[in-house]
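Before any comments, here is the structure.
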Amino acid sequence: GAVVSQHPSWVICKSGTSVKIECRSLDFQATTMFWYRQFPKQSLMLMATSNEGSKATYEQGVEKDKFLINHASLTLSTLTVTSAHPEDSSFYICSTEAGQGVHNEQFFGPGTRLTVL
Amino acid sequence: QKEVEQDPGPLSVPEGAIVSLNCTYSNSAFQYFMWYRQYSRKGPELLMYTYSSGNKEDGRFTAQVDKSSKYISLFIRDSQPSDSATYLCAMSGETSGSRLTFGEGTQLTVNP
């Protein structure tokens, strides 16, 4: 399967600061990447779909001005949590879509644990 | 009502047991069904990928899809302590592309 990396693996920041999380597709070019958030003992909730060279598509209830997504190349998508607050503390996971069909397998990164103090 | 229902457990079994994990769903448009394994503080790992109804086997793992009942299962034979993880079902439809809808996940512990 596809190899996806995330950086950093964990980050602690003060309330009000911004944090950038990187998602890289290491062994293939990813036109589409997905960003998820996972709270403890809960499932993955899709936040947004990131498309290379165009604006991301956000799920209902996700603030696009707070969670800035940039997908400037076929191997890198970034999620920036702006003016982070303690309620933004969560596990953020990206995935890439491997294939060119209508429906393709998704492969996930190792996740980034964000703690906002 | 959630689109995908999955018993969160926790489920605890002895080593060597057969484990049965299940999900039900309400959206009849779902055509693609997946099972992911997630270890603590790690990203999900794709275990099984099935299209439409039927069975699929891979080593100790068997995935079953019954679209008429809107019910999917994952069976783990000869369970090992290393199988201890959270198992997530996920599914999507023809028109949703690769957007996945996940179940809540079932936490499994296999005791040596």
Side-chain angles (χ1 to χ4, degrees), chain A residues 1-11 21 23-26 30-51 56-60 62 90-115, chain B residues 2-11 21-25 27 29-52 56 58 61 63 65 85-109:
Chain A
V3 180
V4 181
S5 71
Q6 280 184 243
H7 178 81
S9 56
W10 59 271
V11 57
I21 301 170
C23 176
R24 291 185 184 274
S25 173
L26 299 183
T31 304
T32 302
M33 293 185 178
F34 301 89
W35 285 96
Y36 294 83
R37 181 166 52 182
Q38 186 178 33
F39 292 107
K41 297 190 181 299
Q42 294 188 25
S43 191
L44 282 76
M45 297 299 296
L46 180 64
M47 299 175 67
T49 302
S50 167
N51 298 296
T57 303
Y58 290 81
E59 295 298 303
Q60 191 174 7
V62 178
S90 188
F91 194 50
Y92 291 87
I93 310 173
C94 70
S95 71
T96 64
E97 181 181 35
Q100 299 298 321
V102 173
H103 183 276
N104 307 290
E105 294 181 30
Q106 281 190 42
F107 295 92
F108 287 81
T112 296
R113 184 161 301 281
L114 170 63
T115 301
Chain B
K2 295 179 184 177
E3 276 193 297
V4 180
E5 298 276 359
Q6 183 177 8
D7 186 343
L11 180 63
L21 304 167
N22 311 292
C23 288
T24 59
Y25 63 95
N27 188 343
F30 287 145
Q31 296 279 355
Y32 303 90
F33 305 92
M34 287 133 282
W35 285 95
Y36 286 86
R37 176 175 62 195
Q38 186 177 24
Y39 293 112
S40 181
R41 298 175 181 265
K42 300 290 184 183
E45 170 194 8
L46 181 65
L47 280 178
M48 301 290 280
Y49 178 101
T50 336
Y51 172 71
S52 195
K56 186 174 184 179
D58 184 1
F61 299 90
V65 174
T86 296
Y87 289 80
L88 298 149
C89 65
M91 45 198 82
S92 67
E94 297 285 1
T95 58
S96 59
S98 297
R99 288 181 71 253
L100 298 178
T101 301
F102 281 88
E104 195 174 339
T106 300
Q107 185 180 346
L108 170 68
T109 301

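Residue numbering restarts at 1 for every chain, and letters A, B, ... go by the order of the sequence lines. Here the structure is a predicted model, which is why all the values come from computation and not from measurement.
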Under 4.5 Å from any heavy atom of chain A - which part of [X]:
X       : value
B:Gln38 : side chain
B:Tyr36 : side chain
B:Gln6  : neither

To the nearest 0.5 angstrom, please state how far the CZ atom of A:Phe108 sits from the CG atom of B:Leu88.
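Rounded to the nearest 0.5 Å, the CZ-CG separation comes out at 8.5 Å.
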Rounded distance (nearest 0.5 Å) linking atom CD of A:Gln106 with atom OH of B:Tyr32
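Reported to 0.5 Å precision, the distance equals 13.5 Å.
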Identify which part of A:Gln6 has an atom lying under 4.5 Å from any heavy atom of chain B, answering side chain, backbone, both or neither.
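Neither; nothing under 4.5 Å.
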Between A:Leu46 and chain B, which part of the residue has a heavy atom less than 4.5 Å away: side chain, backbone, both or neither?
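Only the side chain of A:Leu46 comes within 4.5 Å of chain B.
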Step by step, work out the side-chain contact (heavy atoms from CB on, under 4.5 Å) result for A:Phe34 and B:Arg99.
CA-CA 8 Å; A:Phe34 301 89; B:Arg99 288 181 71 253; 4.3 Å; yes
Of the listed residues (A:Gly111, A:Ser95, A:Pro110), which shares the most heavy-atom pairs with chain B below a 4.5 Å separation?
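That would be A:Pro110.
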Return yes if some donor-acceptor pair links the side-chain N/O of A:Ser43 with the main-chain N/O of B:Gly103 below 3.5 Å, else return no.
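Yes.
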